[in-house]
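Working notes, beginning with the structure itself.
Worth knowing before you read on, the calculation uses all heavy atoms, side chains too, and leaves out hydrogens, waters and symmetry mates. Residue numbers start from 1 in every chain, and the chains themselves are labelled A, B, ... in the order their sequence lines are given, proteins ahead of strands.
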Amino acid sequence: MKYRRFGDTIIVRMDTGEEIVKETLRVAELEKVRLASVEAIGAVSEFEVGVFNMAEKKFYGNRFHGTFEIVSLLGTITEMHGKPYVHLHLSAGDETGVVFGGHLNEGIIGPVCEMTIRVLDGAVERVFDENRGINVYDF
Amino acid sequence: MKYRRFGDTIIVRMDTGEEIVKETLRVAELEKVRLASVEAIGAVSEFEVGVFNMAEKKFYGNRFHGTFEIVSLLGTITEMHGKPYVHLHLSAGDETGVVFGGHLNEGIIGPVCEMTIRVLDGAVERVFDENRGINVYDF
Amino acid sequence: MKYRRFGDTIIVRMDTGEEIVKETLRVAELEKVRLASVEAIGAVSEFEVGVFNMAEKKFYGNRFHGTFEIVSLLGTITEMHGKPYVHLHLSAGDETGVVFGGHLNEGIIGPVCEMTIRVLDGAVERVFDENRGINVYDF
């Protein structure tokens with residue numbers, strides 16, 4: 001993973017074999033990001049996307065292997081317990097163009113991921129919401 | 001729906017049962033937004049996405065119920081007849097990860113939607129284009 | 001294609017029959033954009049999206065015709081050999097809402113595409129990476 005910062009915007013290149021959530025967290029730590037929006041395109045050779053079952057308050061994961069283009073990777077960096085918190089959703093098209101996606105648990109890059117992180121001047125903390133079973137913006 | 005504003009950026013949390021287009025419009029009205037870009041992720045328990053038939057100049061709707069993660073929600077806030085105008089397209093992955101989407105008519109949130117609105121200094125008005133049968137930027 | 005510039009942000013309207021990659025490049029040239037992020041929604045009557053085979057270091061294309069809503073169009077404008085370089089990924093929903101997408105080779109608009117280009121103060125050059133067979137950010 002390599003990046004350049006231009007004012008409040010960080011342009012990131014992640015490379016083959018790196019994992020998207022982990023590398024995004026690493027940029028957040030290195031650049032001391034407390035609040036940001038994230039967008040990216042690229043490609044993945046393997047990924048797991050979750051889907052949240054509201055009745056069971058539980059995430060289920062769908063895992064995919066093969067040749068996939070990331071068509072959308074959107075989300076935010078916020079904070080929880082004083083540490084950076086990365087929340088990303090990904091969708092990716094397979095060899096025939098059919099698109100699969102969900103809440104990104106893990107995405108192994110191949111051959112590249114190009115991410116734009118827009119840092120905001122401020123902070124948003126997350127809190128666990130017991131009713132829903134998820135971590136939400138603490139507003 | 002709750003939000004915090006950081007300079008030109010509004011971070012919004014919409015909650016279970018709220019409708020996305022309506023709540024986005026409400027933020028636009030409360031914050032007097034005349035021009036903005038919108039992006040979000042989250043989840044929906046029900047949504048209707050339209051597809052525009054150019055020959056008939058008519059929108060057809062596809063309605064979905066179930067457990068869906070919003071993988072992309074993109075669009076803009078502009079103006080028409082002096083009022084805020086919200087134009088959003090949504091795609092969402094189902095329990096197996098298959099993604100469905102189109103022009104967002106209605107999206108019922110469950111359990112959350114996290115939206116980032118970037119307000120621009122200026123305004124864009126829409127005008128109805130009779131040839132195409134749609135409301136376009138009046139450039 | 002018509003556009004208005006508001007500070008560092010360009011709001012673009014592309015119209016029926018125009019091609020997305022070509023028109024994005026034209027805005028970049030007209031506005032002397034060296035580095036920017038791009039996002040859009042709209043509709044296409046025909047498009048080709050590529051998928052990169054890492055083993056063969058080769059792009060394969062999937063072509064679609066019909067009635068499609070663009071649900072996500074994300075990417076960047078950078079530079080290569082001193083000229084603007086447009087890299088976009090697109091996903092689009094068909095008449096039943098099923099979404100297809102990948103690396104955008106060509107997208108014929110119908111009836112409209114609404115794009116937001118955020119210009120950054122700086123430049124990123126691309127370089128051909130022989131190992132991977134793709135043009136990457138030269139970091």
Side-chain angles (χ1 to χ4, degrees), chain A residues 8 34-39 47-64 68 70-78 87-94 98-104 118-127 129 131-139, chain B residues 1-18 23 27 36-46 64-75 88-102 108-119:
Chain A
D8 63 0
R34 304 190 63 195
L35 178 61
S37 67
V38 176
E39 65 183 66
F47 64 102
E48 189 187 289
V49 283
V51 59
F52 187 76
N53 184 302
M54 286 204 289
E56 304 176 23
K57 299 183 185 179
K58 196 178 156 186
F59 270 104
Y60 284 88
N62 292 301
R63 200 157 187 97
F64 298 90
F68 289 90
I70 301 169
V71 287
S72 72
L73 178 57
L74 292 166
T76 56
I77 299 167
T78 51
H87 184 204
L88 299 173
H89 283 199
L90 172 140
S91 68
D94 74 4
V98 177
V99 173
F100 303 90
H103 172 97
L104 184 62
R118 269 199 183 75
V119 183
L120 293 168
D121 190 15
V124 168
E125 181 78 12
R126 284 184 186 268
V127 64
D129 180 300
N131 284 331
R132 284 179 277 183
I134 53 169
N135 301 320
V136 301
Y137 294 166
D138 187 15
F139 286 169
Chain B
M1 184 273 293
K2 294 185 170 187
Y3 67 86
R4 294 285 182 276
R5 184 160 182 161
F6 302 88
D8 63 0
T9 305
I10 305 167
I11 304 290
V12 189
R13 190 191 85 205
M14 299 177 184
D15 297 311
T16 305
E18 294 182 329
E23 296 303 322
V27 179
S37 66
V38 176
E39 64 183 66
I41 57 172
V44 278
S45 57
E46 188 177 340
F64 299 89
H65 300 255
T67 297
F68 289 90
E69 297 284 316
I70 302 170
V71 288
S72 72
L73 178 57
L74 293 166
L88 299 173
H89 283 199
L90 173 141
S91 67
D94 74 5
E95 290 190 41
T96 64
V98 177
V99 174
F100 302 90
I108 308 299
I109 292 157
V112 83
C113 176
E114 299 178 350
M115 182 179 284
T116 301
I117 300 175
R118 272 201 179 74
V119 183

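Annotation: the span from B/Ile11 atom CD1 to A/Leu120 atom CG amounts to 5.5 Å, rounded to 0.5 Å. Separating the NE2 atom in A/His89 from the CD atom in B/Glu114 is a distance of 7.5 Å, to the nearest 0.5 Å. Separation of atoms CZ (B/Arg4) and CG (A/Asp138) is listed at 8.0 Å; rounding is to 0.5 Å.
Counting heavy atoms from C-beta on, the side chains of A/Val124 and B/Phe6 come closer than 4.5 Å.
In this structure, the portion of A/Ala123 lying under 4.5 Å from any heavy atom of chain B is its backbone and not its side chain. Contact of A/Phe59 with chain B is made through the side chain alone, with heavy-atom distances under 4.5 Å. Proximity to chain A is limited to the backbone of B/Asp94, based on heavy atoms less than 4.5 angstrom apart. With a 4.5 Å cut-off on non-hydrogen atoms, A/Tyr60 does not touch chain B at all.
Residue A/Phe100 comes nearest to B/Val98 through the heavy atom pair CE2-CG2, 3.8 Å, listed as atom of the first residue, atom of the second, then distance. When all heavy atoms of B/Ser45 and A/Met54 are compared, the pair lying nearest together is CB-CE, 4.2 Å. When all heavy atoms of B/Gly97 and A/Asn62 are compared, the pair lying nearest together is N-ND2, 3.5 Å. Contact between A/Arg132 and B/Pro111 at its shortest, heavy atoms only, is NH1-O, 2.8 Å.
Results of the side chain to side chain contact (heavy atoms under 4.5 Å, CB included) test with B/Thr116 over A/Leu35, A/Thr76, A/Val38 single out A/Thr76 as the only residue that passes.
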Handout entry: Test log, rule side-chain hydrogen bond (donor to acceptor under 3.5 Å, both in side chains), inputs A/Ser37 and B/Arg118
Key = CA-CA 10 Å; A/Ser37 67; B/Arg118 272 201 179 74; 2.8 Å; yes
Practice task
Check the pair A/Val49 / B/Glu69 against side-chain contact (heavy atoms from CB on, under 4.5 Å), numbers first and verdict last.
Solution key: CA-CA 9 Å; A/Val49 283; B/Glu69 297 284 316; over 6 Å; no
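Shown here is A/Lys58, whose NZ atom has no more than 12 heavy atoms of other residues, nucleotides or ligands within 6.0 Å.
B/Glu23 meets the salt bridge (charged side-chain N to carboxylate O under 4.0 Å, His left out) test with B/Arg26; sequence neighbours excluded.
If you tally non-hydrogen atom pairs under 4.5 Å between each of A/Gly122, A/Gly101, A/Gly102, A/Ser72 and chain B, the highest count goes to A/Gly101. Taking chain B as the reference chain and counting heavy-atom pairs below 4.5 Å, the highest number among A/Val136, A/Leu88, A/Asp129, A/Leu74 is found for A/Leu74.
Although no hydrogens or angles enter the test, the distance criterion places no donor-acceptor pair under 3.5 Å between the side chain of B/Glu95 and the main chain of A/Val51.
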